Amino acid sequence: METKARKVGRNDPCPCGSGLKYKKCCLDKGRSDFLRLKEKYLQDYTIPLKEKEDIEAIRMAGRLALDTLRLVEEHIRPGIITDEINTLVHDFTIKHGAIPAPLNYRGFPKSVCVSVNEVICHGIPGDRVLKEGDIVNVDVTPILNGYYADTSKTYFVGKPGADAHKLVKVTRECLKAGMDMIHPGSRIGDIGWAIQEHAESNGCSVVREFVGHGVGLDFHEAPQIPHYGQQGKGIVLVPGMVFTIEPMINLGKKGLHILDDNWTAVTNDNSLSAQFEQTILVTENGLESLTPYDLDEPLPNI
Ligand code: MF3
Ligand code: CO
Ligand code: CO
């Protein structure tokens, strides 16, 4: 019984019916189309489209990133100090032959960003003690064999309050809404539009100062991926693009300021802020998350 579509081999007859070997016909055309696009995206936008080998390497970094988040999740509870999360992430990353990208990145002093409650992003681990009802975003980026994967989640510390529960739910849905827009032919503006629409229709606001970004060969590559914007605007998505979506959503207004440490971004109105981030590959059919975690798992009860 023939159940699974078989992959066409390089030396098989081309499925287009030309009578030529696949490698001399459409396989070659697919490859040369890709190489033309790769050249164009680099020239026009400085976007490095990724090859199969690059993608496999980023996927491996992504697996390590998710293992790191899982380890952290096991330790999140009232009483844990944010610097203990840094130690967990740092030691686990090194133990697996990788480097924590945040450490010394533009002077960032720690190996992970830990952002609590009104901190939007780039929280520096220190002596803050997490307490019941807090929310905390943990953002990890290992460099494995020279390749980067960037992912974060917002966790509840103990039992969530109603506000925290609502914000985290809406923010996770925003990442999903952005991902749902991704396929070859859609545009960067479609992603931001979908996120903004979902956040604002739920009475929340979208942070403008920090955006998603190309990632893989470097920490922050072109293009920028704003979490707000207009449908049909911006660069066309093509297979081989790898970038993050990482909406930062506030329960109150969108304004922010940076603390004297030059990193910690905090809401002006002291309202709660949450974030979820995955590293996404645009494929021929749609997308593949290279840092896949479940965006539908039930949230704890209030
Ligand atoms: N991980 C963050 C991002 O999603 C960047 C952190 S930069 C650091 O882009 F220096 F603060 F680590
Ligand atoms: Co990022
Ligand atoms: Co990140």
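Basis for what follows: all heavy atoms, side chains included, without hydrogens, waters or symmetry-related copies. Here the structure is a predicted model, which means the values were calculated and not measured.
- No side-chain N or O of Glu277 forms a donor-acceptor pair with one of Thr151 less than 3.5 Å apart.
- Using a 4.0 Å cut-off between charged nitrogen and carboxylate oxygen, Arg59 and Glu288 count as a salt-bridge pair.
- Side-chain contact, Asn137 with Ser152: a donor N or O sits under 3.5 Å from an acceptor N or O.
- Contact of the His96 side chain with the Asp67 side chain is not registered, since no non-hydrogen atoms from C-beta on lie closer than 4.5 Å.
- In terms of heavy atoms, Pro109 sits closest to Ile124 at CG-CG2, 3.8 Å.
- When only modelled atom types and interatomic distance are considered, Asp261 and Thr264 share a side-chain donor-acceptor pair under 3.5 Å.
- In this structure, His213 has its ring center no closer than 6.0 Å to that of Tyr148.
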**Message:** side-chain contact (heavy atoms from CB on, under 4.5 Å) for Gln275 and Ile249? Distances and angles first, verdict last.
**Reply:** CA-CA 6 Å; Gln275 179 178 28; Ile249 306 297; over 6 Å; no
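- Relative orientation of the Trp263 and Phe108 rings is perpendicular, given thresholds of 30° and 60° on the angle between their planes.
- Classification of Glu74 and Arg70 as a salt-bridged pair fails, no side-chain N sitting under 4.0 Å from a carboxylate O.
- Environment of NZ in Lys254: sparse, with no more than 12 heavy atoms of neighbouring residues, nucleotides or ligands closer than 6.0 Å.
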**Item:** Test side-chain contact (heavy atoms from CB on, under 4.5 Å) applied to Leu272 and Asn250, step by step
**Value:** CA-CA 6 Å; Leu272 292 177; Asn250 300 348; over 6 Å; no
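- Between Ile135 and the options Leu130, Thr171, Asp163, Leu167, a side-chain contact (heavy atoms from CB on, under 4.5 Å) holds for only Leu167.
- Between His122 and Phe210, the distance separating the two ring centers is shorter than 6.0 angstrom.
- Checked for salt-bridge contact, Lys50 and Glu56 miss the test: no charged N lies under 4.0 Å from a carboxylate O.
- The shortest non-hydrogen separation linking Phe156 to Ile76 is O-CG2, 3.9 Å.
- Using a cutoff of 4.0 Å between basic side-chain nitrogens and carboxylate oxygens, Asp190 and Arg187 are not scored as salt-bridged.
- Exactly one of Asn11, Asp12, Asp28 qualifies for a side-chain hydrogen bond (donor to acceptor under 3.5 Å, both in side chains) with Lys23. That residue is Asn11.
- Salt bridge Lys253/Glu200: absent, no basic N to carboxylate O contact under 4.0 Å.
- Checking Asp269 against Ser271 by side-chain atom types alone, a donor-acceptor pair falls below 3.5 Å.
- Ionic pairing of Asp180 and Lys176 is not present here: no N-O contact between side-chain nitrogen and carboxylate oxygen is shorter than 4.0 angstrom.
- Considering every non-hydrogen atom in both Cys204 and Val170, the closest pair reads SG-CG1, 4.2 Å.
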